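I have placed the structure first, in the form of structure tokens, so that the comments after it can refer back to it.
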Amino acid sequence: MTDRYPIVCHRELRPRWRRDARLERRHPLIAGRNEVLVHNVRGAYTTGTADPTRRTAVTLVDVRPDRSVFARWKLMASGAFRFSVTVAFRCTVVDPAEIARSRREGDPCDVQYVLAQDPRPRRLQREYSEGDEDRLRLALTALFQAQPAHQDIAGVRVEFAQVSVELVEVSVETRYGSDDDYTEA
């Protein structure tokens, strides 16, 4: 199972012959510590106890406060180097029912995926050269402190924690591919 925050597990319960519905009848989802069950009862989302015969879906949501979530980018420097950037965020679920509702409507619900799709760090490509790690770190810190996420994530509060920048040399194999990529059949 992949670690997709904040949804731990989701099961569709209609129609009743569906695999998830049979699994839920035999082995129902049970909320553990720092987890909440969200029940979909005919379009209404509730975290309380729901009538098992009327539920259409059940979602297990992680509600740990200040959960660390990381987003990573590779930014080219002006030269034969690149920067490996890792940004840490602190995320807290504020509305588990909203998370289940947004998942149902097709909105992205994997917080790490949404944060990693942020286009703002890519605008800093080739603006810094080797030795400018601290300047890049300060620029990224200012960027993410002003607005941690580039889009709202339903039911989740996102806060910037820290940024780390590492200079990595780009090898010839990385730039042009190795000879192993062109093996003869």
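Keep in mind the model is a prediction, meaning the values are calculated, not measured.
- In this structure, SG on Cys91 lies 6.5 Å from CD1 on Ile153, to the nearest 0.5 angstrom.
- Looking at heavy atoms from C-beta onward, Ser84 lies in side-chain contact with Lys74 at the 4.5 angstrom threshold.
- Side-chain polar atoms of Tyr5 and Asp62 form no donor-acceptor pair below 3.5 angstrom.
- Under the 4.0 Å criterion applied to side-chain N and carboxylate O atoms, Arg157 and Glu159 are assigned as salt-bridge partners.
- Looking at Glu12 and Arg104, a side-chain N of the basic residue comes within less than 4.0 Å of a carboxylate O on the acidic one, giving a salt bridge.
- If you check the side chains of His10 and Thr59, you find a donor sitting under 3.5 Å from an acceptor.
- Between the OH atom of Tyr45 and the CZ atom of Arg101 there is a distance of 7.0 Å, given to the nearest 0.5 Å.
- Annotation for Gln117: atom CD counts as buried by contact number, over 12 foreign heavy atoms lying within 6.0 Å.
- Scanning both residues, Val165 and Arg137, for their nearest heavy atoms gives O-NH2, 3.4 Å.
- Side-chain contact check for His150 versus Pro119: some heavy-atom pair is nearer than 4.5 Å.
- Side-chain contact between Pro121 and Phe144 is present, with heavy atoms from C-beta onward closer than 4.5 Å.
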Stepwise, does the side chain to side chain contact (heavy atoms under 4.5 Å, CB included) test hold for Leu13 with Thr56? CA-CA 5 Å; Leu13 306 178; Thr56 55; 5.7 Å; no
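- In this structure, the side chains of Ile99 and Val93 come closer than 4.5 Å at one or more pairs of heavy atoms.
- Interatomic distance, Asp134 CG to Tyr128 OH, rounded to the nearest 0.5 Å: 11.5 Å.
- Residues Phe83 and Glu133 approach most closely at CE2-CG, 3.8 Å, considering heavy atoms.
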Apply the test side chain to side chain contact (heavy atoms under 4.5 Å, CB included) to residues Leu115 and Val69: give CA-CA distance (whole Å), side-chain angles for both, the deciding distance (0.1 Å), then the verdict. CA-CA 9 Å; Leu115 293 173; Val69 178; 4.0 Å; yes
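- Here the CD-CG distance, from Gln151 to Asp107, works out to 8.5 Å after rounding to the nearest 0.5 Å.
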For a salt bridge (charged side-chain N to carboxylate O under 4.0 Å, His left out) check, start with the C-alpha distance between Glu35 and Arg33, then their side-chain angles and the critical distance, and finish with the verdict. CA-CA 5 Å; Glu35 294 176 337; Arg33 184 175 177 196; over 6 Å; no
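- When side chains are defined from C-beta on, Val61 does not count as touching Val8, because their heavy atoms never get closer than 4.5 Å.
- For the atom pair Ile7 CD1 and Asp110 CG, the distance stands at 9.0 Å (nearest 0.5 Å).
- Looking at Val85 and Leu140, their side chains come closer than 4.5 Å, going by heavy atoms from C-beta outward.
- Ring pair Phe89/Phe160 is perpendicular by interplanar angle, where above 60° counts as perpendicular and below 30° as parallel.
- Annotation: side chain of Val168 is not in contact with side chain of Phe81 (no heavy-atom distance under 4.5 Å).
- Arg90 places none of its side-chain heavy atoms less than 4.5 Å from the side chain of Arg67.
- In Asp152, the CG atom is not crowded: 12 or fewer heavy atoms of neighbouring residues, nucleotides or ligands sit closer than 6.0 Å.
- The distance from the CG atom of Leu29 to the CZ atom of Arg11 is 4.0 Å, given to the nearest 0.5 Å.
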